[in-house]
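In what follows, chains are A, B, ... by sequence order, proteins preceding strands, each numbered from 1. Computation of the quantities below employed the complete heavy-atom set of this structure, encompassing side-chain atoms and omitting hydrogens, waters and symmetry-equivalent molecules.
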Protein chains: 2
Amino acid sequence: MSLRHGLLGLLAEGPASGYDLLKSFELSLANVWPATQSQLYTELNKLAGSGLIEVVAEGARGRKEYGITESGLAELRHWMTEVPPQQVHRSDMLLRVFFLSQITGEGARSYLRHLGEVAAKGLEELESMREFVDSGTENLSVYGRLALEYGLRLHRTQVEWAQWAEEQIR
Amino acid sequence: MSLRHGLLGLLAEGPASGYDLLKSFELSLANVWPATQSQLYTELNKLAGSGLIEVVAEGARGRKEYGITESGLAELRHWMTEVPPQQVHRSDMLLRVFFLSQITGEGARSYLRHLGEVAAKGLEELESMREFVDSGTENLSVYGRLALEYGLRLHRTQVEWAQWAEEQIR
DNA sequence: CGGTTCATGTAATACGTTACATGATTCG
DNA sequence: CGAATCATGTAACGTATTACATGAACCG
């Protein structure tokens, strides 16, 4: 249900085409709400159908630029302020942890080590992203920075946990 | 695809009915891989159909006790060791953070405060869960403890981040 | 004997992924 | 003029949620 709100949120900052929005999802929202091309175009048509967005311009190659409508803005604000955020995260990574007794001790340690490495790699990426953002060439909002910082802290936590967890298995 | 492996993992520790498994999902796996009753029974039938589990006993009230088969164990281990964990989480909570500029500063602060409170509450719950586990009455595996510790650290991180984030908006 | 718990299933709907399909325009 | 990029869409399939539906057995 939130792809819809991701699109509304982006369109609230200005008109854009499906193609533009896809790029935005790939760049800024990739870690928060990934979406496929297919899903995105379908949802745009649904949103236009229900009047939350509308085509404001048409360009070359069938390009359709969408703008958010008043009722779209209302829906966005309603979602922001009234709809309680859902706290359900599925994690196949953690699910495996529950079943580590099914493999050998060395297998378990190597799995946890791997998790640590992956998290460390993700952390590095986010750090270079922050440097890029801080250099000023890219204008990420204050709020984008908050989200980025969340990612940084989360990854650090995971790196530390993975190290700790590996040590527990002896 | 991982509900399947959650079921296999639980059945690897001993036979159980759909009803039993549902309780296990609600208790131990609720924070890692929530599943509904409907989904679970459907998946059990699929698993039995493909020979990864089998009915080992039938009880009162149509109770069917399932056991994992050799090929089920093989599939579980394959998933544990060969299939790379997916690192894709969607978070409507963070998505909202990206769009906080759409509401007032006070609205934004109150949202972040709320996130902190929710995380703090979750943290408390996990802490009492740990106490319960450590008291020894309940026998959670070493690996369950690792997952629990992950949850604790994650929640602490979120509490701290929410406080920090709220201070950034002035 | 009546309410709770045990126990299993189906149907409709929504959301997400992968693959398929097509074509216009720009740029070198 | 050919490759890359821009640009949009559909179809099939798998997974997840909600609601509906049913009934046996246990316990007080």
Side-chain angles (χ1 to χ4, degrees), chain A residues 1-8 10-11 15-27 29-50 53-66 79 83-84 86-92 95, chain B residues 1-8 11 15-27 29-50 52-66 79 83-84 86-92 95:
Chain A
M1 200 41 150
S2 284
L3 167 61
R4 153 182 239 91
H5 299 109
L7 291 171
L8 289 175
L10 290 177
L11 287 175
S17 69
Y19 195 81
D20 297 337
L21 293 164
L22 185 61
K23 299 294 160 196
S24 295
F25 266 79
E26 278 165 6
L27 284 171
L29 299 186
N31 297 304
V32 169
W33 203 274
T36 60
Q37 175 257 53
S38 161
Q39 209 187 344
L40 198 148
Y41 281 110
T42 308
E43 189 62 37
L44 281 173
N45 282 321
K46 278 193 208 162
L47 281 166
S50 52
I53 65 175
E54 60 190 0
V55 177
V56 293
E58 306 209 18
R61 285 172 284 200
R63 177 186 170 94
K64 288 191 277 182
E65 214 159 43
Y66 291 99
W79 175 74
V83 181
Q86 273 191 259
Q87 212 64 9
V88 273
H89 31 23
R90 290 188 165 78
S91 168
D92 68 329
L95 187 59
Chain B
M1 198 44 150
S2 284
L3 167 61
R4 153 183 240 93
H5 299 109
L7 291 170
L8 288 174
L11 286 175
S17 68
Y19 194 83
D20 297 338
L21 293 164
L22 186 60
K23 298 293 159 197
S24 294
F25 265 78
E26 279 165 6
L27 283 171
L29 299 185
N31 298 303
V32 170
W33 203 275
T36 60
Q37 176 256 55
S38 162
Q39 211 187 342
L40 199 148
Y41 281 109
T42 306
E43 190 62 37
L44 281 174
N45 282 321
K46 278 193 206 162
L47 281 167
S50 52
L52 300 180
I53 64 175
E54 61 189 1
V55 176
V56 293
E58 307 208 19
R61 284 170 285 198
R63 177 186 171 95
K64 288 190 277 183
E65 214 160 43
Y66 290 99
W79 175 74
V83 181
Q86 273 190 258
Q87 210 64 11
V88 46
H89 14 35
R90 292 188 164 77
S91 167
D92 68 327
L95 188 59

Inset, instruction - Output the distance between atom CG (B/Leu95) and atom CG (A/Asn31), rounded to the nearest 0.5 Å. - result: 12.5 Å
Legend entry - Between CG on residue B/Leu29 and OG on residue A/Ser91, distance to nearest 0.5 Å: 11.5 Å
Legend entry - Over all atoms of both residues, closest heavy-atom pair of A/Val56 and A/Pro15: CG2-CB, 4.0 Å
Inset, instruction - Give the minimum heavy-atom separation between A/Leu10 and A/Ser24, together with the two atoms involved. - result: CD1-CB, 3.6 Å
Inset, instruction - Strictly below 4.0 Å, heavy-atom distances to any atom of DNA chain D: list the hits from residues 52-65 of chain B, or just say none. - result: B/Ala60, B/Arg61
Legend entry - Contact list for DNA chain D against residues 31-38 of chain A - heavy-atom distance below 4.0 Å: A/Gln37, A/Ser38
Check side chain to side chain donor-acceptor pair (under 3.5 Å) between [X] and all other residues, then give those that pass, not counting sequence neighbours.
{"X": "B/Asp92", "value": "B/Arg96"}
{"X": "B/Ser17", "value": "B/Asp20, B/Arg63"}
{"X": "B/Arg61", "value": "none"}

Legend entry - Nucleotides bounding contact with chain A, strand DNA chain D, heavy-atom threshold 4.0 Å: D/dT5 to D/dT17
Euclidean distance, atom [atom1] of residue [X] to atom [atom2] of [N] [Å, nearest integer]:
{"X": "A/Tyr19", "N": "C/dA24", "atom1": "OH", "atom2": "P", "answer": "17 Å"}
{"X": "B/Leu40", "N": "C/dT10", "atom1": "CG", "atom2": "C1'", "answer": "15 Å"}
{"X": "A/Leu44", "N": "C/dG16", "atom1": "CG", "atom2": "C1'", "answer": "16 Å"}
{"X": "B/Asp20", "N": "C/dT5", "atom1": "CG", "atom2": "P", "answer": "16 Å"}
{"X": "B/Gln86", "N": "C/dG16", "atom1": "CD", "atom2": "P", "answer": "14 Å"}
{"X": "B/Gln39", "N": "C/dA11", "atom1": "CD", "atom2": "C1'", "answer": "15 Å"}

Legend entry - Note, A/Leu21 side chain near A/Leu11 side chain (heavy atom, < 4.5 Å): yes
Legend entry - A/Leu3 side chain reached by B/Arg90 side chain, heavy atoms, under 4.5 Å: no
Listed pairs under 3.5 Å, donor-acceptor, residues 33-44 of chain A side chains, sequence neighbours left out:
from	atom 1	to	atom 2	distance (Å)
A/Thr36	OG1	A/Gln39	N	3.4
A/Tyr41	OH	A/Tyr19	N	3.4
A/Thr42	OG1	A/Ser38	O	2.7
A/Glu43	OE2	A/Arg4	NH1	2.7

Legend entry - From C/dC6, C/dC15, C/dT10, nucleotide with atom closest to B/Thr42 side chain: C/dT10
Legend entry - B/Arg90 vs B/Tyr41, nearer the 5' end of DNA chain C by closest nucleotide: B/Tyr41
Inset, instruction - Please name all residues satisfying side-chain contact (heavy atoms from CB on, under 4.5 Å) with A/Ala48, sequence neighbours left out, ordered by chain then number. - result: A/Ile53, A/Tyr66
